[in-house]
Protein chains: 2
Amino acid sequence: MDETTPPTLTALSTYLLSRVGKAARNRLGEQLAPRGLRLWHTAVLAALADFGAHAQRDLAARLGIHASDVVKVLDELTAAGWVERARDPADRRRVRVTLTPAGRAALAEQEAAARAVQEEILAPLDAEERALLHDFLLRMHRELPLR
Amino acid sequence: MDETTPPTLTALSTYLLSRVGKAARNRLGEQLAPRGLRLWHTAVLAALADFGAHAQRDLAARLGIHASDVVKVLDELTAAGWVERARDPADRRRVRVTLTPAGRAALAEQEAAARAVQEEILAPLDAEERALLHDFLLRMHRELPLR
DNA sequence: CCTATTCATAGGTGTGCACCAATGATTGGT
DNA sequence: ACCAATCATTGGTGCACACCTATGAATAGG
């Protein structure tokens, strides 16, 4: 049986983007799932590593994630000992979230997993093409609504 | 508040791919939703337009979608009058699916919607860059497991 | 001929993702 | 001192997506 994807679809960058993106997402998910993680866990750890401690509301704003979902992600990250919550003494409504050394180590592992996935997905491209692709994606990403 | 995405994430093509891809997927979905459609509807119409009538199992194989899900998509496409189901007289287990003229017209509209989304997402890229991106995506897509 | 396989169908599950409303504690504005 | 707004939290909802099982009709292979 012919399994060729319809040219009407492959002619659309949008379609390819959504399909390749989904593949990337799925493979990333498969890497994280065994550790009981989803993409937001990594994103939160990365935000803390790159920008230091955040109030939860700032994490939500930076990542474009719902405040109520931040709570749930942090519940799991604290349970893993990767993150610590502490009331902000200056404003006791806020909870200050900090990355633990264990959290930093976990992030490094997750980054490595992501790079392994990258190797799979970008396999057909040479180094120069990968650099171009990354530049294109960065520029598109920058214009995206953070939602 | 600083809403910069963590560099640890934006350094990963995989992350950008999954994020930009999701945006593309979402915007496409928003275009189709008012008409009660999802991406698979368009994909099925495209397969029929590009390769002619299919048995349902062949649609499933070509698109990498579950046979039981094909049934549901076709239920809706037939209800819209875009597709017709007929028993294959040569093998009466099979159902031969054909595109109606209305279906072809609907596909054209959906393509136009997809191109509009494309215009949004690819806005930061010039024509040459878009062509390069499309080539990259095509090559990556070709190596993807059809699932 | 009859048994195993194929095909379409019906009905259901689980997961990830995004979003929403209600609540209690705390703060800021006036 | 009070009222309105902010923040974290709880406990949901709904959707898209992918997958699974069981069933009946039809076919193919020995």
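Quick note on labels: first sequence line is chain A, next is B, and so on, each numbered from 1. Note that the coordinates shown come from a computational prediction; the quantities given were computed from them, not determined experimentally.
The CG atom of Leu28(A) sits 16 Å away from the C1' atom of dC17(C) (whole-angstrom rounding). Distance, Leu74(A) CG to dT9(D) C1': 12 Å, rounded to whole Å. The distance from atom CZ of Arg96(A) to atom C1' of dT6(D) is 18 Å, rounded to the nearest whole Å. To the nearest angstrom, P of dG16(C) lies 17 Å from CZ of Arg19(B). In this structure, CG of Asp58(A) is placed 8 Å from P of dC7(D), rounded to the nearest angstrom. If you take CG of Leu32(B) and C1' of dC15(D), they are 15 Å apart, rounded to a whole angstrom. Here the P atom of nucleotide dC19(C) and the CG atom of Asn26(B) are 9 Å apart, to the nearest Å. Between Arg94(A) atom CZ and dG24(C) atom C1' the separation is 18 Å, expressed in whole Å.
Residue Trp40(B) places none of its side-chain N or O atoms closer than 4.0 Å to OP1 or OP2 of dA16(D). Taking 4.0 angstrom as the limit, Arg85(B) places a side-chain polar atom (N or O) nearer than this to OP1 or OP2 of dT9(C). For dA18(C), neither phosphate oxygen OP1 nor OP2 lies less than 4.0 angstrom from any side-chain nitrogen or oxygen of His66(A).
Side-chain proximity of Asp69(A) to dC20(D), dC19(C), dT9(C): nearest is dC19(C). Closest approach to the Lys72(A) side chain among dT10(D), dA8(D), dT9(C) is made by dT10(D) (side chain taken as heavy atoms from C-beta onward). Considering only side-chain atoms of Ser68(A), the nucleotide from dA21(C), dC7(D), dA8(C) that sits closest is dA21(C). The side chain of Val71(A) sits closest to dT9(D) out of dA16(D), dT9(D), dA8(C). Side-chain proximity of Asp91(B) to the nucleotides dA26(D), dA16(D), dC17(C) is greatest for dA26(D). When each of dA8(D), dA26(D), dC17(C) is scored by its nearest atom to the side-chain atoms of Arg38(A), the top-ranked nucleotide is dC17(C).
Taking the six-membered ring for Trp and thresholds of 30 and 60 degrees, His141(B) and Tyr15(A) have ring planes more than 60 degrees apart, a perpendicular arrangement.
You'll find a donor-acceptor pair under 3.5 Å spanning the side chain of Arg93(B) and the base of dT6(C), going by distance alone.
The number of heavy-atom neighbours closer than 6.0 Å to CD of Glu129(B), taken from other residues, nucleotides and ligands shown, is above 12.
In this model, a donor atom of one side chain and an acceptor atom of the other lie less than 3.5 Å apart for Arg85(A) and Gln56(A).
The residue among Asp75(A) and Lys22(A) whose nearest nucleotide of DNA chain D is located toward the 5' end is Asp75(A). Residue-to-nucleotide proximity on DNA chain C shows that, of Asp88(A) and Arg25(A), the 5′-proximal contact is made by Arg25(A).
Using modelled atom types, no side-chain atom of Arg92(B) and backbone atom of Arg87(B) make a donor-acceptor pair closer than 3.5 Å.
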query: Going through the distances and angles, do Gln118(B) and Thr14(A) end up as a side chain to side chain donor-acceptor pair (under 3.5 Å)?
result: CA-CA 5 Å; Gln118(B) 191 147 309; Thr14(A) 323; 2.6 Å; yes

